[in-house]
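Below: one structure, written as structure tokens.
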Amino acid sequence: MSEIVIKKYPKLLHGGDYNPDQWLDCPEILEEDIRLMKKAGVNAVSLGIFAWAALEPEEGVYAFDWLEKMIDRLYSEGIYTVLATPTGAMPNWLTEKYEEVRQVTPEGVRHLPGKRHNYCPTSPIMREKTKAIDTALSKRFGRHPAVILWHISNEIGGNDHQSACWCPKCQAAFRQWLREKYGTLENLNHAWWTAFWSHTYTSWEQIHAPSPAGEPWLHGLNLDWRRFTTVQMRDFYREEVKAVRTYSTVPVTANMMGFFKDLDYPKFADDIDIISWDAYPEWHSEADDVNIAVWAAANHNIMRSMKKAPFLMMESTPSVTNWKKNNIQKRPGMHEVSSMQAIALGSLSVQYFQWRKSRGSMEKFHGAVVGHIDHGNTRVFKEVAALGEHLASVSDAVYHTCNKPEVAMIFDWENWWALEDCAGPKRGSEMHYVETFLSHYKPFWMMGIDVDMVDMDADLDGYKLIIAPMNYMYKDGYARKVREFVQKGGIYVTTYWSGLVDETDLCFIDQAPLQDVLGLWVEETDSPNEFYENEFEYDGQRYPAKDICDIVRTTGAQKLASYCGDYYEGRAALTKNSFGDGTAYYIASGSSEEFCIDFYTELIRKYEIHQAIPTELPYGVTVSKREAAAPGAKTLYFVQNFNPYEVTVMLDHPYHCLETDEMLGEFLEMKGYSCTVLY
Ligand code: GLA
Ligand code: ZN
């Protein structure tokens, strides 16, 4: 049974970022907000996210009365507070007086004051000022009955690659971290292979963080710098957690950004009570919304899988963003289905950025529940209010459920970093790790099969099928874990450009680590272009062989598909190997979406992987299953239609509709962009 984290208010949360600090001189607007929040079914708001200047207008002078009044007033209306620490943006008095809190760029230039999410995580002054205000907030509000969750900072690491700072203090901390990791320079020189290009370090002081103005190509250095960045940001985060806990036992979260390359999010998971993230899929940016829904679902899955527990969608737009190349409005209904998608995949909330549009500056045209004119009477407001009602009606049933997939995919940040830095068959940026990963997930989404998405450190026990696309790096212990998994009867699928380097990005020599499990080793890797088109034949059909093509030597594996042309005609493009009680597949060649669908459909059938609802789903429709996780709870099936048009879904037997309790027939009629919850 998943443990309930937000004990003070175990309900689906509906609300979002609220910035009364921008409207303190307009009390009538704040009152109107409360009236509208009630109308929209809002029960939780995040306060204080960027409010440092309002909370500490002068160094050491705190002004918390406005916040207390707000928290109290909201609480009197049944609206709870997610209370943020204000380090998402720094006040001018701080950045002006203490230069060291401002980050330094890779080229060595100190930022001017301004922007947000851009503090130096090492600066003792930044840490001291943060600790002071966080502790004061904890003292004043940590035991307030309305405060249900701490929201540490905002989008740690920033969305403008501000996760790292190149200042002398950060460089010194990096060297110290390396000393602890490697012990001797000899170890470090070996791990980074510094004999190459005469890069041997003879003193720790010679080490500088990677920079376009210095050393950008030492892969081991790049990798360790990224690791250090995560460690340093997490350390700053931990200090904040410690401070808010001084007077408070309220759980903590930090809103993540999904596929955000700069920080290895799973490394934060142990220090977070409930995972949360900010979801901004590019709805309507393609001819249909299937790929976008797949992208969003993958993000939700990664969030849930970090703790194998429900999470929070901490931000989403009720309508439109303002920072993409083109900001298209969510079409009527998309708000409903995209929000319910989060719930379907394990979220316990639908929160927005933002409640009310600000009047000026950078985000004045970003979507909000309440706009600039005729607030409660807009299409967006009405869709939000309808969703609020929907969430309230399913809240109790959903709360005690969670997805429990039998399939896992390996998505690993360190692999991502190393893979897209590797300078191999393609330039790093052309390796497309995320896109490849999504193409292997899409068939499962289309068939309504939930998937966990875990990194290489995760426990693999309990899964039936594990898929590891482009698993270039094997972290220490990973190969052993996979070997045991297959030995004990697991099904393992991996692809080209996997298992090449160890944790320090040194190539394996003599023997590929999973050669016995896969029954092959890779002799050459080709990256054919449009002048060297090729195909392979699998199950009587031809599929393109493209992007990256491994030419393998089988040492026991069975050939399931062969290349049709070029100098590797007849060589294996897909293999299968029995090992212990299990089976390992190797997809040697990049191919089309059609191949992934055909291959995985066959695997799902052969190994009896369960669809949430065993039926043929119409295009654009998926199902997720949240299993009962407490006595008396019901297992719920979320049928989601991402098409703008009506569909009929044929069910395997009659189900109840959760919203109406009505028994439905075997044909489920769905409106365009909608979600129905069945049990
Ligand atoms: C991020 C931030 C918010 C806001 C939104 C806009 O998620 O956390 O403060 O800027 O983006 O989409
Ligand atoms: Zn710094």
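We count residues from 1, following the sequence as given. The model shown is predicted, which means the values in this text are computed figures rather than measured ones. Both ligands and their constituent atoms are indexed starting at 1 by order of listing.
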List, for ligand 1, each N/O atom that has a protein N/O partner under 3.5 Å away, with both atom names and the distance.
unit_1   : atom_1 : unit_2 : atom_2 : d
ligand 1 : 7 (O)  : Glu155 : OE1    : 3.4
ligand 1 : 7 (O)  : Glu155 : OE2    : 2.5
ligand 1 : 7 (O)  : Glu315 : OE1    : 2.5
ligand 1 : 8 (O)  : Asn154 : ND2    : 2.8
ligand 1 : 8 (O)  : Glu155 : OE1    : 3.4
ligand 1 : 8 (O)  : Glu155 : OE2    : 3.3
ligand 1 : 8 (O)  : Glu315 : OE1    : 3.3
ligand 1 : 8 (O)  : Glu315 : OE2    : 2.7
ligand 1 : 9 (O)  : Arg116 : NH1    : 3.0
ligand 1 : 10 (O) : Arg116 : NH1    : 3.3
ligand 1 : 10 (O) : Arg116 : NH2    : 2.9
ligand 1 : 10 (O) : Glu363 : OE1    : 3.4
ligand 1 : 10 (O) : Glu363 : OE2    : 2.3
ligand 1 : 12 (O) : Trp323 : NE1    : 2.7
ligand 1 : 12 (O) : His366 : NE2    : 2.7

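Aromatic pair Phe174/His208: centroids not less than 6.0 angstrom apart. If you look at Trp23 and Trp66, their ring centroids are not closer than 6.0 Å. The aromatic ring centroids of Phe353 and Trp355 lie 6.0 Å or more from each other. Trp277 and Tyr265 have their aromatic ring centers separated by at least 6.0 angstrom. Taking the six-membered ring where the residue is Trp, the centroids of Phe437 and His432 are separated by 6.0 Å or more.
The main-chain N or O of Val147 is found under 3.5 Å from a side-chain atom of Lys8 such that the two form a donor-acceptor pair.
Counting heavy atoms of neighbouring residues, nucleotides and ligands inside a 6.0 Å radius, atom NZ of Lys242 does not exceed 12 of them.
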Checklist line | Test log, rule side-chain hydrogen bond (donor to acceptor under 3.5 Å, both in side chains), inputs Gln162 and Tyr119 | finding: CA-CA 8 Å; Gln162 292 156 164; Tyr119 55 81; over 6 Å; no
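Near the Zn ion (ligand 2), less than 2.8 Å away, sit the protein N, O or S atoms Cys120 SG, Cys165 SG, Cys167 SG, Cys170 SG.
Considering only heavy atoms from C-beta on, Met126 stays 4.5 Å or farther from Glu100 through its side chain.
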